[in-house]
Undergrad: 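Have a look at the structure that comes next, please.
Whatever order the structure lists ligands and atoms in, that order sets their numbers, starting from 1. Here, residue 1 is the first one in the sequence, and each next residue gets the next number. Computed from a prediction, not measured in an experiment: that's the story for all the values here.
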Amino acid sequence: MKEYDLVVIGAGPGGMTAAMYGARANLKVAMIDRGVYGGQMNNTAEVENYPGFPSIMGPDLGEKMYKSATKQGVEFVYGDVQKIELDGQKRIVKMDPEDITAKAVIIATGSTNRKLGIPGEEEYSGRGVSYCAVCDGAFFKDENVAVVGGGDSAISEGLYLANLAKDVDVIHRRDQLRAERVLQTRAFKNPKMEFTWDSVPVEIIGDENKVTGVKVHNKKTDEDKVIDASGVFIYIGNVPNSEPFKELKITDDQGWIITNDQMETTVPGIYAVGDVRQKKLRQIVTAVGDGGIAGQNAFEYISELTD
Ligand code: NAP
């Protein structure tokens with residue numbers, strides 16, 4: 001079994017920063033991901049609130065962070081983690097294709113898009129239903145699209161789609177957006193953005209090949225209507241990717257990992273950073289901050305281990 005000082009699970013902004021800090025402290029670091037590095041940044045069009053970059057595409061920022069980490073000696077390892085086992089001071093990361101051991105582990109597995117769970121959503125996924133404007137937006141040039149949700153993701157990705165699509169209809173379950181003010185102001189000013197308030201999607205409608213619209217129910221008037229759209233982009237929040245760590249009993253009842261402000265879980269040598277952590281503000285900048293703290297603390301923890 002391959003041995004490392006530090007294993008970081010997840011290569012989003014939190015994980016890449018934690019790994020970089022570990023490597024700079026001269027630890028032998030593996031950064032594991034089951035996909036491409038970058039995490040949710042790969043699904044983010046424009047990032048405007050990461051200092052130093054007035055505006056940068058999410059995947060480009062991911063690329064830069066990856067280079068920062070690997071330049072310091074971080075080894076990127078492909079793997080799909082099933083669980084972490086404790087064996088004395090050893091932390092065994094059980095994964096496909098090959099288990100590895102570490103003295104400390106930083107969990108940076110982030111979160112996954114929440115699904116609406118309505119008829120047509122799964123059926124038309126990839127055929128009009130999308131969770132990633134930056135990946136799929138170009139397919140809907142000059143067409144009508146709908147965006148579901150009222151948070152930062154829905155509005156920022158809706159604004160991105162407005163550059164491509166004919167019209168963007170934001171479907172929100174309340175009559176007020178949750179998104180930050182600057183995004184709200186921009187969205188209300190954009191002539192291509194329309195809003196369907198107090199409404200929840202009840203069915204994604206299609207012609208068997210692709211999406212043609214979305215049926216919504218207005219909770220105030222109790223009426224249903226169909227919004228014509230060839231794309232439906234769903235941004236209704238996230239669920240934590242913490243299933244592999246359930247047995248460690250480090251999550252709250254919704255699955256978010258509980259840490260203290262040093263990113264320590266209740267299990268010695270196991271830390272958590274970024275979106276998978278129970279926290280209020282989930283941003284690239286807070287994930288990066290978590291990563292720096294955890295990387296440094298993991299180094300101190302490993303230094304104090306007795307052989
Ligand atoms: P979010 O902030 O949790 O917002 C989810 C939105 O979806 C809310 O408007 C919510 O409505 C709605 N919603 C939830 N469940 C729903 C359902 N079943 N049916 C219909 N609507 C539903 O999620 P997010 O926008 O993906 O953001 C996640 C985190 O990333 C947040 O912390 C956010 O600040 C951060 N983020 C930041 C930026 C940025 O800084 N530019 C960009 C993207 C994401 P209610 O409002 O009624 O609850």
Side-chain angles (χ1 to χ4, degrees), residues 12-14 38-62 108-122 129-135 137 146-162 168-188 193 195-204 214-220 224 227 232-241 254-256 273-290:
Q40 290 277 6
M41 289 189 290
N42 291 330
N43 303 335
T44 307
E46 215 177 342
V47 178
E48 289 185 277
N49 56 359
Y50 191 71
F53 298 93
S55 170
I56 184 166
M57 295 297 281
D60 294 342
L61 185 56
T109 43
S111 59
T112 302
N113 301 94
R114 178 178 287 133
K115 308 282 186 289
L116 279 165
I118 58 171
E121 183 181 22
E122 214 182 307
V129 171
S130 172
Y131 304 86
C132 178
V134 70
C135 320
V147 169
V148 185
D152 286 333
S153 299
I155 304 308
S156 59
E157 302 308 306
L159 283 163
Y160 172 78
L161 288 166
V168 179
D169 200 323
V170 177
I171 301 162
H172 185 37
R173 64 183 179 183
R174 292 187 292 135
D175 61 1
Q176 269 184 352
L177 297 177
R178 176 182 294 277
E180 58 174 343
R181 290 282 159 193
V182 61
L183 290 174
Q184 293 198 24
T185 308
R186 228 179 273 169
F188 292 142
M193 301 280 281
F195 295 86
T196 299
W197 301 110
D198 304 308
S199 299
V200 286
V202 286
E203 187 181 351
I204 308 285
V214 50
K215 186 175 176 185
V216 298
H217 176 75
N218 186 307
K219 297 192 297 177
K220 280 200 177 145
D224 288 351
I227 295 170
V232 181
F233 289 81
I234 300 165
Y235 289 106
I236 57 162
N238 300 301
V239 287
N241 294 326
Q254 288 171 28
W256 304 103
V273 302
D275 282 7
V276 74
R277 199 163 78 80
Q278 185 194 66
K279 57 158 54 174
K280 193 166 165 215
L281 190 62
R282 292 194 172 87
Q283 308 265 303
I284 300 170
V285 81
T286 59
V288 161
D290 290 357

Undergrad: Just how far is it from atom OH of Tyr131 to atom CD of Glu121, taken to the nearest 0.5 Å?
TA: 3.5 Å
Undergrad: Which label fits Trp197 and His172: parallel for a plane angle under 30°, tilted from 30 to 60°, or perpendicular past 60°?
TA: perpendicular
Undergrad: What pair of heavy atoms forms the shortest contact from Val273 to Ala108, and how long is it?
TA: CG2-CB, 3.5 Å
Undergrad: Please list, by chain and number, the protein residues whose heavy atoms come under 4.0 Å of ligand 1.
TA: Asn49, Leu116, Gly149, Gly150, Gly151, Asp152, Ser153, His172, Arg173, Arg174, Arg178, Glu180, Tyr235, Ile236, Gly237, Asn238, Arg282, Gln283
Undergrad: Between Val147 and Asp169, does the side chain to side chain contact (heavy atoms under 4.5 Å, CB included) criterion hold? Intermediate values first, please.
TA: CA-CA 6 Å; Val147 169; Asp169 200 323; over 6 Å; no
Undergrad: Evaluate the side chain to side chain contact (heavy atoms under 4.5 Å, CB included) criterion for residues His217 and Ser199: first the C-alpha distance (whole Å), next the side-chain angles of each, then the deciding distance (0.1 Å), finally the verdict.
TA: CA-CA 5 Å; His217 176 75; Ser199 299; over 6 Å; no
Undergrad: I want to check a possible cation-pi pair here: Arg282 against Trp256, using under 6.0 Å from ring centre and within 45° of the ring axis as the test.
TA: yes
